Amino acid sequence: MLLISLMILLPVVGFALLLAMRSDLARNRLTAALFSGVPLALSAYMLIAFNYGNPGYQFTEHYTWISTSYFTISYAVGVDGIALPMVFLTSLVSFLVVIFSWDVKHRCNQYFGMLLLVEAGVMGVFTTTNYFIFYIFWEIVLVPMYFIILIWGSQRRVYSATKFFIYTHASSLVMLLSFFALYFEYHSLFPSRPFTFSITKISQVSPLFPALFQEIVFLGLFFGFIVKMPVFPFHTWLPDAHTDAPTGGSVMLASLLLKMGSYGIIRIAVPALPYGAKYFEYVILVLAVISILYGAWVSMAQRDMKRMIANSSISHMGLVLLAIAAAVFTLNPKTGYINTLGISVADFQMFAHGLITAVLFMSAGVVQHHAGTRDMKSLGGLARKMPTLATMMMAGFLASLGMPGMIGFAAEFSVFYVTFLSFGLLLIIPILTVVITAGYYLWSMQRTIFGADSGSVDFSGIHDSEWFEWIPMLVLILIIVAFGIAPWLMFNPINIAAAHYYSSMAGALR
Amino acid sequence: MIVAAGSLLLSLIMVLSREIVHSALYFAGVLIGISLLYFLMGAFYVGIIQILIYVGAVVVLILFGIMLTRRSILLG
Amino acid sequence: MDPLLQYSSLIALSPIIAFALISMVPSSRPRLTEWIAVIGVAVSAALSLLILAIEFFGNGSGISPVAYQQQIPFLRFSAGAAVTLGIYVDWLTVVMTAVVSSVSLLIVIYSVGYMHAEGARRKRYFGVISMFVGVMLGLIMANNLFELYIFWELVGLGSYLLIGFWYEKPSAAKAAKKAFVVTRFGDMFLLFGIVLLLSVADHTVMYQALFQPSSVTALKSSGFLTLATLAMFGGAMGKSAQFPLQDWLVDAMEGPTPVSAMIHGATMVNAGVYLVARMYPLYSQAPISALFVSFIGAFTAMFAATMALGTFDIKRVLAFSTISQLGYMFMALGAGAYVLSRQPIGAASYSLGYSAGIFHLMNQAIFKALLFLAAGSVMHSLGGTQDMREMGGLRSKLRITSVTMLFGSLSLAGIIPFSGFFSKDAALEAALGGTAYSPVFLLIWLFGIVGALLTAVYIFRLWFMTFAGKPRYPPEVHVHESPPVMVLPLIVLAVLTLVAGVAVLGVAGFAMAVHYPAVLSPHVSPYAQFNGALGLLGDPATYLSLFLAFAGVGISYSVWGRGRSGSKAVSGAITSRVYSVLVERYYFPQMYDKLGIWIGYGVARGLDFFDSKVVDGIVNGVGRFFIFSSENIRRSETGYVQQYAGAIVLGIVVIAVLLILLPMMGV
Amino acid sequence: MIPVLDVTIFSAALFSVGVFGVLYRRNAIMVLLSIELMLNAANINFVVFSGTAPTSAASADGQVYALISIAIAAAEIAVGLAILLVLWKTSDTVEVNEVATLRW
Amino acid sequence: MIQFFASGMSPLVVMIAGAVLAAALSFYVSNRVLGWLSVVTMLITFILLFMIIGGEIPNPQTFGNVMVEDDFAAVFQLIFLSVGLITVLPSVKYIEGDRNQGEYYSLLMLSVAGMMVISASTDLITLFVGIALTALASSSIVAFRKKDRIAVEAAMKFYIISALSAGLALYGISLLYGLTHTLQISALASSLQGISPSSPSFPTAMVALVLIIAGFGFEIAMVPFHMWAPDVYEGAPTPVSGLLSSGSKKAGLAAILKLFVVALIAFRTEWAPVFGALAILTMTVGNIAALQQKSVKRMLAYSSIGQAGYMLIALPVFAAAFGYHGIYGANLQVFSISSGIFQILTHAIASSGAFMVVAIMATNVSGPTVDEFRGLFRNNRLLSLSFTLYLLSLLGIPLLAGFDSKLLIFSSAVGGSIIQGYSWLIWLAIAGVLNSAVSLIYYVRVIKEMFSDTESPVTKYRMTGFAQLSLWIATVATVAIGLYPGPVISICNGAARALLALL
């Protein structure tokens with residue numbers, strides 16, 4: 001089965017083609033749509049063909065890439081229940097972003113090419129089962145994203161792009177070192193077995209790693225991942241990058257790139273170093289809680305709409321980390337037992353946030369595009385001029401603040417549930433976010449789409465969003481609502497897979 | 001021993017001397033001292049080559065160089 | 001089981017389907033949306049009344065506690081823990097759906113006339129209002145707490161959309177936001193309580209499982225029961241606008257008047273009361289929570305009534321009145337629960353508080369909807385003003401409106417034989433009943449009784465200022481009675497205020513709602529009803545409150561009733577400090593604004609500053625540090641080759657030192 | 001026979017003088033001369049150690065190394081002087097610290 | 001004839017012959033022909049080297065205890081030749097208007113020949129001769145534009161420092177000779193085993209060690225022996241800078257590998273921490289100093305210093321692995337050396353490519369500033385894209401050659417840190433990683449300028465076919481090795497094994 005490889009390769013081919021093409025909007029965007037549309041179709045097929053009863057990896061592929069006596073790297077990909085929502089999210093959001101960017105005229109061939117390359121990288125991160133390939137894709141994502149911010153960004157794009165690049169690159173290098181540590185430790189623990197970068201093989205023996213090793217290496221991995229998520233206090237690249245990126249870039253960044261960090265934690269950091277995670281459980285918890293409240297609270301102070309949404313992402317990704325902390329808390333060092341519910345919930349919240357935040361950034365992009373500013377203080381009364389946009393934006397905001405009937409609520413509730421299971425009454429602190437989030441979203445709606453014109457923006461020539469702007473949003477909202485009404489459709493496979501994926505820990509100790 | 005001490009002294013004077021041409025001459029002295037040392041150690045061939053090449057060629061070369069790179073010889 | 005119950009989910013679904021249909025209608029055809037909305041709500045009303053009638057008159061006495069229940073999956077956390085969606089029909093559900101859907105129907109019909117001028121925007125109005133009714137009914141029919149929370153939030157969403165219907169008015173947008181945020185503050189506690197229950201109560205929040213005596217006992221012994229019930233009451237306080245979260249409901253008057261009627265009469269605010277009633281098996285085992293509920297309710301009842309005295313906005317008076325009446329309901333429910341909690345499990349037999357609370361809810365729904373619709377009719381005829389100082393003397397112009405409103409006022413004031421009398425006195429009696437167990441209830445009862453007096457005063461102040469005396473509105477306003485589509489609901493509701501109390505009490509002894517706590521006491525007859533009108537009338541306290549009600553009306557009449565609305569009494573009072581406190585609503589709005597600005601925005605600004613200066617400052621500082629060191633290292637390249645040579649020699653020395661030191665350091 | 005230790009001490013001293021000269025003198029030619037001193041010190045070592053070699057082949061090696069080094073030194077000085085001459089022509093100086101355009 | 005070409009010495013001989021021929025013919029043939037001559041010479045050598053690596057020409061072949069042509073030598077010679085080729089091709093255009101082009105090509109080839117000697121030598125004096133040959137040829141060629149003050153200044157600095165280093169190194173070598181009476185590296189390795197920290201000759205050995213480190217540290221621009229490098233790289237004709245950065249520095253590394261991995265292995269516990277500290281220092285100073293450079297050439301010079309720091313990581317890791325028994329230790333020995341060589345190789349390609357871009361950009365000596373790269377992408381795609389690829393490769397972005405090698409070298413450090421007593425090796429990896437992050441700042445600065453929208457201040461660059469070819473060679477090598485490093489890694493393994501075979 002070449003399914004996954006195709007999903008990774010097609011965007012790369014598209015990228016190469018687009019770079020080779022001339023800058024011709026009509027043809028470029030069709031090419032981009034094609035090369036991101038086919039992966040979407042493939043992932044839709046995957047949703048159908050996926051065996052939901054099988055908790056393990058499916059559609060696996062395995063090729064040896066580099067092989068020497070001491071260094072073996074294999075290209076290995078596969079999808080299980082944990083990766084499935086992420087894969088779907090990636091192909092969906094990428095395609096919708098291409099559609100949304102239908103009218104980007106400036107250096108359009110490169111723009112679409114970069115978008116496709118980001119898609120390929122993210123897809124690779126979510127599907128690979130090899131540490132090394134994981135890192136490669138992880139890094140590949142940085143370069144096109146950097147260019148997207150740099151070339152098509154707004155005012156402070158140079159600063160933001162550079163900051164993004166340096167910050168995340170530094171963290172990923174630390175992560176890489178930790179991978180190496182795992183690689184060698186595995187071999188020195190089992191000299192009879194060959195060196196391996198296989199995520200699954202290392203996870204299968206992880207509880208046997210010595211305690212100090214786990215603690216140190218976990219710290220490295222954790223740092224690498226939480227910078228990407230991002231988590232307080234390593235989050236400051238995010239508002240800048242999101243704010244200055246073009247809309248398509250912001251969407252990719254928020255919907256997909258942030259998920260790479262949390263995905264890394266649940267796929268790698270915790271299973272590979274369970275006691276390291278256990279050792280730092282309170283660190284994880286505290287960082288998560290701070291991120292949740294801090295991100296939300298800082299959002300409230302923002303005037304720039306995108307900046308507000310970016311900060312809210314910090315808050316929502318904090319919920320992901322909170323769920324992870326809840327799972328780690330249940331880990332029993334003696335038996336290797338872990339209640340993986342937190343892991344599943346984290347994955348689910350990632351999926352939810354990926355869908356929702358795309359709508360948010362798209363709506364901010366439309367506002368920017370049509371009204372010419374994102375400054376909420378100078379906006380106002382947009383709903384009368386742009387009813388479609390206002391509807392979409394409101395739906396997105398409501399989804400983000402956890403309105404039932406939309407996927408955000410199911411995810412948020414699950415997070416609170418697992419938090420209570422692990423931490424009990426401590427839940428009262430993170431749950432405050434429910435109010436703060438509602439506060440800043442509603443306030444920003446009051447300032448932008450409701451009320452009267454502020455008078456500082458000329459609304460005379462303004463018109464409602466274009467078809468290529470609202471259709472992607474509508475599609476996302478429909479999916480948000482669909483999974484909001486029946487979240488079990490996505491949650492059950494995640495849950496089964498997470499339990500299976502982590503079961504090896506107990507097995508190793510037996 | 002004396003030769004060695006003498007050479008060392010000469011080398012010091014050479015390094016410290018303010019006039020370059022003098023230095024070059026002291027340098028020649030040092031080299032000759034060293035070649036003497038070679039003779040004393042029984043390495044005659046090396047000693048001869050030392051005199052031939054160093055004292056014969058290198059010092060001349062250096063003097064030549066000094067001459068070419070000075071505005072006025074012997075006037076500092 | 002009645003076969004009709006299988007279709008009971010339609011009660012909630014039909015307005016939601018109507019909403020979906022309306023959203024597909026092109027906005028150029030608003031008329032169609034009216035029809036769809038009316039039909040959608042009418043279907044629920046018809047169905048729920050039918051079920052009520054069948055259950056009541058048909059095989060009423062044989063009905064089991066859980067008449068009907070079904071579910072579909074939502075989230076499955078593990079083998080033992082899952083949340084589902086489903087419907088749950090018992091007596092409480094039947095009563096509540098009947099009240100909510102029928103009153104809503106009348107309001108929707110009224111809206112057809114009231115909103116006529118809105119043009120194409122009616123599509124949005126009728127769409128949202130259908131949704132609103134639908135989710136409220138869903139809330140009532142939910143079969144577990146989680147599902148209740150879903151609808152609970154959707155009700156909040158509906159109120160947000162409706163209050164902010166005229167979103168281009170900044171005050172409306174602000175009021176909508178306030179309504180949502182303040183109720184969400186309460187909802188947060190509710191969510192917390194639900195999560196708590198879900199986690200400790202065997203991973204289920206299904207009513208059926210939760211209310212098993214065994215599980216309630218287990219909860220109680222786990223120590224979480226009080227916390228969970230208190231947390232849930234937090235949600236109820238938000239939704240039902242109890243002190244200190246009452247203020248949003250007053251601002252919510254920014255919405256169209258039928259919306260106010262809907263929120264106050266039929267739907268939203270009742271949700272909190274419903275929640276406490278639904279969770280009665282839990283509250284009746286948690287004395288602290290019960291006492292708290294009762295106390296907050298009683299205090300709010302009196303507190304809101306005082307504020308109602310201080311406003312000239314006709315709708316705001318009614319809003320305060322709603323808050324106050326909801327307080328009575330909580331007072332009754334809490335008192336009943338407290339008494340039950342003091343009796344041994346299995347032998348508890350005190351249902352007065354519970355019955356009174358639900359009964360009052362029903363009556364309030366009716367007369368409050370009536371009052372609001374009548375007020376809307378007044379505003380409609382006057383061209384939109386809400387200030388009572390610009391009314392007066394309308395009795396002759398608006399005959400039907402004034403009479404129906406009088407009915408509503410009498411009911412609210414608790415004048416026999418209007419429905420409000422029975423339920424309010426029952427509530428006060430329930431509070432008095434609590435004194436046997438705790439002296440606090442004496443205070444609670446006192447609050448209630450003072451509130452009753454004030455209620456009569458402020459509602460007749462409203463009535464007199466509006467309809468009596470001389471006209472104060474500008475003469476050019478052409479006053480006319482509202483169209484039939486608006487008047488008809490008024491008449492229906494007015495009749496209901498007159499008959500509901502007598503009918504229910506007389507015919508059924510209000511047996512149906514009493515059923516519920518019987519879950520806790522299987523040995524007691526499920527029909528341990530309170531003794532109906534006779535019981536009430538046999539109690540001296542009743543006469544006290546009745547006297548106070550009449551006294552209140554009298555005071556009103558003496559001050560405002562003789563056409564002296566702009567008189568000295570008022571102007572004198574207005575200057576007094578006490579009065580200004582009332583006008584400013586005890587400075588609650590300012591306090592909330594301050595709170596919002598200081599805690600919300602102020603801290604946010606502080607954190608933002610911290611974020612950009614400190615956290616990001618460190619990040620940038622690291623960068624600057626590198627640039628700084630780069631500059632220094634760069635400057636070490638002086639261009640002097642001898643310095644380079646020196647560096648080499650220095651390097652040699654350093655390496656030598658390293659070679660000596662490193663073994664010493666044990667590397 | 002001259003004691004080996006003494007000679008090595010002498011060569012070390014000579015080497016140090018050379019290093020000192022490199023650092024101390026500003027004139028490029030003097031720097032060159034000092035470097036030559038260092039090379040010579042190494043040569044002395046080669047020669048003196050060749051005397052203590054266990055085999056005659058190893059002993060011969062030492063002297064051969066010395067010769068090679070003399071050759072290299074000669075070549076070096078030639079190239080060095082050539083560069084200095086060019087420097088003189090372009091910059092009008094052979095003071096090493098007067099040519100410091102390239103920096104930072 | 002066939003016998004000659006079957007000899008392991010043939011590449012060296014061909015190179016020297018080419019150099020002599022170029023100098024001799026310079027009066028008779030046109031400059032263009034001279035360019036072709038050097039290219040052809042290098043190509044022939046290339047083919048010969050491939051035959052050696054492929055085993056067509058028997059290897060290893062030893063030459064009288066002073067040289068050996070084995071896989072190690074061949075791989076390094078291949079690197080030098082690639083660099084030479086990449087350097088020579090744009091040179092044709094670069095020195096178009098200069099006189100004495102014959103000498104230029106001749107010196108260039110001689111310099112490469114010197115490097116080849118270094119990589120093949122098994123005797124310290126041969127090594128020294130090779131270094132002297134390289135240094136002398138390079139310093140002359142730095143002063144190739146003898147009217148150019150800056151170039152001459154650079155030559156002077158280069159010359160003085162190289163001569164000083166030669167003095168230091170030679171003195172150290174002479175001390176070693178005194179201790180063992182041999183300069184044959186394998187013999188040294190065994191006879192130095194007897195010197196333990198308690199033996200009386202140990203201090204002498206340490207002095208020799210320090211002097212040798214200093215003397216050879218100059219060649220690879222190891223901090224604190226690096227200070228000449230930026231000035232010289234900036235002042236030299238740009239192709240020569242490329243040669244220095246990518247060629248002679250690598251030759252220095254080859255020398256260091258031979259010296260420390262083979263000859264001085266007995267003192268590994270002494271030099272391992274020293275090299276560890278120097279590696280960290282080198283990469284940190286190089287990368288941080290590069291941050292604030294305006295001249296791209298100077299920036300590349302510092303970057304190349306920083307990169308040398310990464311390469312040095314191989315040494316302490318090898319030291320750790322050498323004492324470690326079992327399959328793990330044996331593997332790690334080869335791994336560390338091999339990844340060091342691999343890093344040398346990838347850096348040589350990317351760095352020479354980058355210098356050639358700079359050479360193409362400007363024919364003036366001090367080179368373009370970062371600002372002058374603004375908008376380059378609009379003017380010249382090949383130039384800007386290939387430059388981006390080189391920089392990203394230097395930075396270590398996946399699927400480019402530099403990434404693979406950086407990865408191997410860092411991973412070898414992590415692998416070594418597991419060994420008892422060498423846990424500090426992890427700091428090398430961490431420092432390397434942090435430095436990578438820091439280096440991103442200045443690499444990205446140039447990339448950012450190239451892709452900015454503003455109009456380029458400089459007109460379009462017209463490139464000769466040769467120059468384009470040079471860029472293509474470097475680009476293809478960077479990408480191909482990045483995508484499929486397997487074969488190259490196994491060649492490096494062969495080289496590492498050949499080096500270890502000398503022990």
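Note that these values count all heavy atoms, side chains included, but never hydrogens, waters or copies made by symmetry. Protein chains get the first letters and strands the later ones, always in sequence-line order, with residue 1 at the start of each. Since the model is a prediction, treat every value here as computed from it, not as a measurement.
- Annotation: maximal heavy-atom pairing with chain A below 4.5 Å, among E/A429, E/S412, E/S338, E/G432, occurs at E/A429.
- Relative orientation of the E/Y328 and A/H187 rings is parallel, given thresholds of 30° and 60° on the angle between their planes.
- Atom OH of A/Y159 is surrounded by more than 12 heavy atoms from other residues, nucleotides or ligands within 6.0 Å.
- The side-chain heavy atoms of E/F377 and A/R107, taken from C-beta on, include a pair separated by under 4.5 Å.
- For residues 213-223 of chain A, there are no side chain to side chain donor-acceptor pair (under 3.5 Å) pairs, not counting sequence neighbours.
- Between A/Y146 and E/F451 the shortest side-chain heavy-atom distance does not fall below 4.5 Å.
- Contact annotation: the side chain of E/I441 never approaches that of A/F165 to less than 4.5 Å [non-hydrogen atoms, C-beta and beyond].
- Rounded to the nearest 0.5 angstrom, A/H169 NE2 and E/S439 OG are separated by 6.0 Å.
- At a heavy-atom separation below 4.5 angstrom, chain A is approached by no residue within residues 309-319 of chain E.
- In this structure, chain A has heavy atoms under 4.5 Å from both the backbone and the side chain of E/I430.
- By the 4.5 Å heavy-atom criterion applied to side chains, A/F179 and E/V414 are not counted as neighbours.
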Inset, instruction - Show your reasoning for whether side-chain contact (heavy atoms from CB on, under 4.5 Å) applies to A/L176 and E/L407. - result: CA-CA 8 Å; A/L176 178 66; E/L407 188 92; 3.6 Å; yes
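- Heavy-atom distances place the side chain of E/R381, and not its backbone, under 4.5 Å from chain A.
- Both the backbone and the side chain of A/V174 come within contact range of chain E, each with at least one heavy atom under 4.5 Å from a heavy atom of that chain.
- E/L399 places a side-chain heavy atom less than 4.5 Å from the side chain of A/I140.
- Atom CD1 of residue A/I166 and atom OG of residue E/S436 lie 12.5 Å apart, to the nearest 0.5 angstrom.
- Both the backbone and the side chain of E/Y484 come within contact range of chain A, each with at least one heavy atom under 4.5 Å from a heavy atom of that chain.
- A donor-acceptor pair under 3.5 Å is absent between the side-chain atoms of A/W65 and the main chain of E/P485, judged by distance alone.
- Between A/F180 atom CZ and E/S417 atom OG the span is 11.5 Å, to the nearest 0.5 Å.
- One distance of note links CG of E/L440 with OG1 of A/T162; it measures 8.5 Å at 0.5 Å rounding.
- The residue among A/I73, A/L173, A/L142 with the most heavy atom pairs within less than 4.5 Å of chain E is A/L173.
- Heavy atoms closer than 4.5 Å to chain A are found in the side chain of E/I418, but not in its backbone.
- When heavy atoms are compared at a cutoff of 4.5 Å, E/Y443 does not approach chain A at all.
- When heavy atoms are compared at a cutoff of 4.5 Å, A/L150 approaches chain E solely by way of its side chain, counted from C-beta outward.
- Looking at A/E185, the atoms closer than 4.5 Å to chain E (heavy atoms on both sides) sit in the backbone and in the side chain alike.
- Top candidate by heavy-atom pairs under 4.5 Å with chain E, chosen from A/F213, A/F137, A/F184, is A/F184.
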